[in-house]
Amino acid sequence: MLAYFGPQGTFTEQAARGFASPQQELVPFETVPAALAATRRGETRSACVPVENSVEGAVPATMDALTEGEPLVAVAEAVLPVRFSVLVRPGGEPVRTVASHPHALAQVRHWLAEHLPEAKVVAATSTAAAARAVLNHEFDAAVSAPVAVRHYPLEVLATDVADVRDAKTRFLLLRPPGELPEPTGHDRTSVVCTAADRIGALSELLTELALRGINLTRIESRPTKGRLGEYRFYIDFDGHVAEPRVGDALAALHRHCPHTRFLGSYPKAEPGGAVAGNEEFVAAADWVDAVRRGQGA
Ligand SMILES: O=C(O)C(=O)C[C@]1(C(=O)O)C=C[C@@H](O)C=C1
């Protein structure tokens with residue numbers, strides 16, 4: 001079974017369908033933490049959740065849920081194009097309230113100001129939960145994934161709604177730690193580190209990557225929720241933990257931050273990124289091995 005951030009008709013469900021095997025059952029959960037908790041309890045083999053949007057940035061619920069509780073490790077990612085439909089009940093009632101997931105609302109702010117300026121904008125737990133609520137007469141319109149109309153008998157007021165063209169959201173497939181995906185030569189590694197509160201602490205972490213020719217693809221911070229000013233850093237970079245230089249960099253991050261949590265090494269969904277040669281790191285490690293065995297100098 002595969003848990004996903006639902007209910008039926010979310011963007012996350014579409015990403016989950018891409019991950020699922022043909023016989024695998026998909027189970028919706030109303031929140032990201034609930035989907036991850038089901039996987040932690042072993043009720044589902046894996047969970048699919050959104051992690052980052054090209055317009056609105058990180059999904060805080062996912063970031064927090066990945067650091068709280070038992071570790072989960074990403075084994076795959078998917079990137080989906082994001083365009084919204086505005087759904088209403090049939091009958092042409094005036095739209096006084098419009099609901100959606102906060103990330104979706106942030107991506108259609110200008111459209112709403114122009115086309116539904118009088119409508120009160122309300123946050124819902126997901127784009128599909130907003131559509132369901134419209135059906136239940138809780139709100140008048142929902143900003144949803146186009147597929148939501150297949151699940152909720154609503155009318156489409158507008159399609160292709162987006163302030164920024166070509167917006168994309170990245171999703172992760174997470175499992176309890178186990179066998180890692182094989183390196184493909186086009187992988188991403190994700191970690192979260194709590195940097196010490198002292199001068200240069202963050203720059204030391206990033207230098208460990210730069211020194212090994214590792215391309216940083218994302219860095220986000222979230223408060224630890226403990227002391228004011230104490231932050232966790234979510235760091236994504238190119239490469240797989242099986243590669244010597246990535247393993248070496250992870251060990252260095254762990255030396256700086258003993259509470260480093262490994263969030264996975266998995267194939268990147270999209271091409272691109274600076275790929276530096278790994279050969280010199282392999283050759284250097286072989287040389288050190290030879291020196292240790294007394295067969296090199
Ligand atoms: O509500 C949904 O449909 C989701 O899958 C969540 C989510 C998000 O968290 O960003 C996913 C993609 C869109 O960017 C808007 C909402």
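These numbers were taken from a predicted model, which means no experiment stands behind them.
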- Message: A side-chain contact here means heavy atoms from C-beta on lying under 4.5 Å apart; do Glu208 and Arg212 qualify?
- Response: yes

- Any donor-acceptor pair under 3.5 Å linking the side chain of Ser100 with the backbone of Val143? yes

- Message: Within a 6.0 Å radius of atom NZ on Lys168, are there more than 12 heavy atoms belonging to other residues, nucleotides or ligands?
- Response: no

- Query: Is there a side-chain contact between Arg218 and Ile235 (heavy atoms, below 4.5 Å)?
  - Reply: no

- Message: Less than 3.5 Å apart, any donor N or O on the side chain of Ser144 or Tyr152 sitting next to an acceptor on the other?
- Response: no

- Can you list the steps and then say if Arg89 with Leu154 is a side chain to side chain contact (heavy atoms under 4.5 Å, CB included)? CA-CA 5 Å; Arg89 282 181 300 280; Leu154 294 169; 4.0 Å; yes

- Message: Could you check whether Glu30 pairs with Arg132 (Lys NZ or Arg NE/NH1/NH2 to Asp/Glu carboxylate O, under 4.0 Å)?
- Response: yes

- Task: Would you check if the side chain of Trp111 reaches a backbone N or O of Leu116 as a donor-acceptor pair within less than 3.5 Å?
- Result: no

- Without swapping roles, check the side chain of Ser54 against the backbone of Ala167 for a donor-acceptor pair under 3.5 Å. no

- Query: Is Phe19 reachable from Met1 through a run of hydrophobic residues whose side-chain heavy atoms are each under 4.5 Å from the next?
  - Reply: no

- Compare every heavy atom of Arg261 with every heavy atom of Glu68, then report the nearest pair and how far apart it is. N-NH1, 4.4 Å

- Note on the structure: Nearest heavy-atom contact between Pro7 and Pro28 is CA-CB, 4.0 Å

- Asp187 bridged to Lys268 by N-O distance under 4.0 Å: no

- Item | Close side-chain approach of Asp236 and Thr189, heavy atoms under 4.5 Å | no

- Message: I want to check something: taking the side chain as every heavy atom from C-beta on, are Cys48 and Phe5 in contact at a cut-off of under 4.5 Å?
- Response: no

- Message: For a 4.5 angstrom cut-off between non-hydrogen side-chain atoms, does Val88 reach Glu93?
- Response: no

- Item | Polar side-chain atom of His186 near backbone of Asp238 as donor-acceptor pair, under 3.5 Å | no

- Looking only at non-hydrogen atoms, find the nearest pair between Thr127 and Thr10 and report the distance. OG1-CA, 4.1 Å

- Item | Arg96 vs Lys120 side-chain heavy atoms within contact, under 4.5 Å | no

- At what distance, to the nearest 0.5 angstrom, does CZ of Arg245 lie from CG of Leu250? 12.0 Å

- Are Glu77 and Arg188 close enough for a salt bridge, meaning some N to O gap below 4.0 Å? yes

- Item | Ala201 to Ala195 - nearest heavy-atom pair and separation | CB-CB, 4.3 Å

- Item | Pair Glu204 + Arg198: basic N to acidic O under 4.0 Å | yes

- Query: How about Glu43: does its CD atom have over 12 heavy atoms from other parts shown lying under 6.0 Å from it?
  - Reply: yes

- Message: Surrounding CZ of Arg165 (heavy atoms of other residues, nucleotides or ligands, distance under 6.0 Å), is the total greater than 12?
- Response: yes

- Query: If you look at every heavy atom in Ile214 and Phe237, which pair is closest and at what distance?
  - Reply: CG2-CD1, 3.4 Å

- Message: Does atom CD (Glu118) have a neighbourhood of more than 12 heavy atoms from anything else shown, all under 6.0 Å?
- Response: no

- Task: Take Thr169 and Val79, measure what side chain to side chain contact (heavy atoms under 4.5 Å, CB included) needs, and give me the verdict at the end.
- Result: CA-CA 6 Å; Thr169 298; Val79 174; over 6 Å; no

- Message: Check whether His103 reaches the backbone of Gly57 with its side chain - one donor and one acceptor, N or O, closer than 3.5 Å.
- Response: yes

- Message: Measuring only between side-chain heavy atoms, which start at C-beta, is Ser265 closer than 4.5 Å to Pro183?
- Response: no

- Item | CA sep, side-chain torsions, deciding dist, call: Asn53, Gln107, side chain to side chain donor-acceptor pair (under 3.5 Å) | CA-CA 10 Å; Asn53 170 261; Gln107 293 176 71; 3.2 Å; yes

- Message: Check whether Glu138 reaches the backbone of Val134 with its side chain - one donor and one acceptor, N or O, closer than 3.5 Å.
- Response: no

- Query: For the residue pair Pro176 and Leu72, what are the closest heavy atoms and their distance?
  - Reply: N-CD2, 3.6 Å

- Query: Would Tyr234 end up clustered with Val59 when hydrophobic side chains under 4.5 Å apart are linked, directly or stepwise?
  - Reply: no

- Message: Are Val108 and Val121 connected into the same hydrophobic cluster when the rule is that any two of I, L, V, M, F, W, Y join if their side-chain heavy atoms are below 4.5 Å apart?
- Response: yes

- Check Val51, Thr39, Val73, Leu36 against Leu174 for a side chain to side chain contact (heavy atoms under 4.5 Å, CB included) and give me the one that passes. Leu36

- Message: Can you list everything that forms a side-chain contact (heavy atoms from CB on, under 4.5 Å) with Ser221? Sequence neighbours excluded, please.
- Response: Tyr231, Phe233

- Mark yes when over 12 heavy atoms from residues, nucleotides or ligands other than Arg83 sit less than 6.0 Å from its CZ; otherwise mark no. yes

- With hydrophobic residues grouped by side-chain heavy-atom distances under 4.5 Å, do Leu112 and Leu87 end up in a single group? no

- Query: Do Met63 and Ile219 share a hydrophobic cluster (ILVMFWY, side-chain heavy atoms under 4.5 Å, transitive)?
  - Reply: no

- Hey, does Thr194 have a side-chain heavy atom less than 4.5 Å from the side chain of Cys257? no

- Item | side chain to side chain contact (heavy atoms under 4.5 Å, CB included) between Leu180 and Phe262, intermediate numbers included | CA-CA 11 Å; Leu180 298 179; Phe262 175 69; 3.9 Å; yes

- Item | Test log, rule side chain to side chain contact (heavy atoms under 4.5 Å, CB included), inputs Glu243 and Val241 | CA-CA 5 Å; Glu243 292 168 31; Val241 63; over 6 Å; no

- Nearest 0.5 Å please: distance from the OH atom of Tyr4 over to the CG atom of Leu26. 6.0 Å

- Checking ring pair (Phe, Tyr, Trp, His ring centres under 6.0 Å) for the pair Phe84/Phe11: CA distance, chi angles, key distance, verdict? CA-CA 10 Å; Phe84 301 94; Phe11 286 98; 5.4 Å; yes

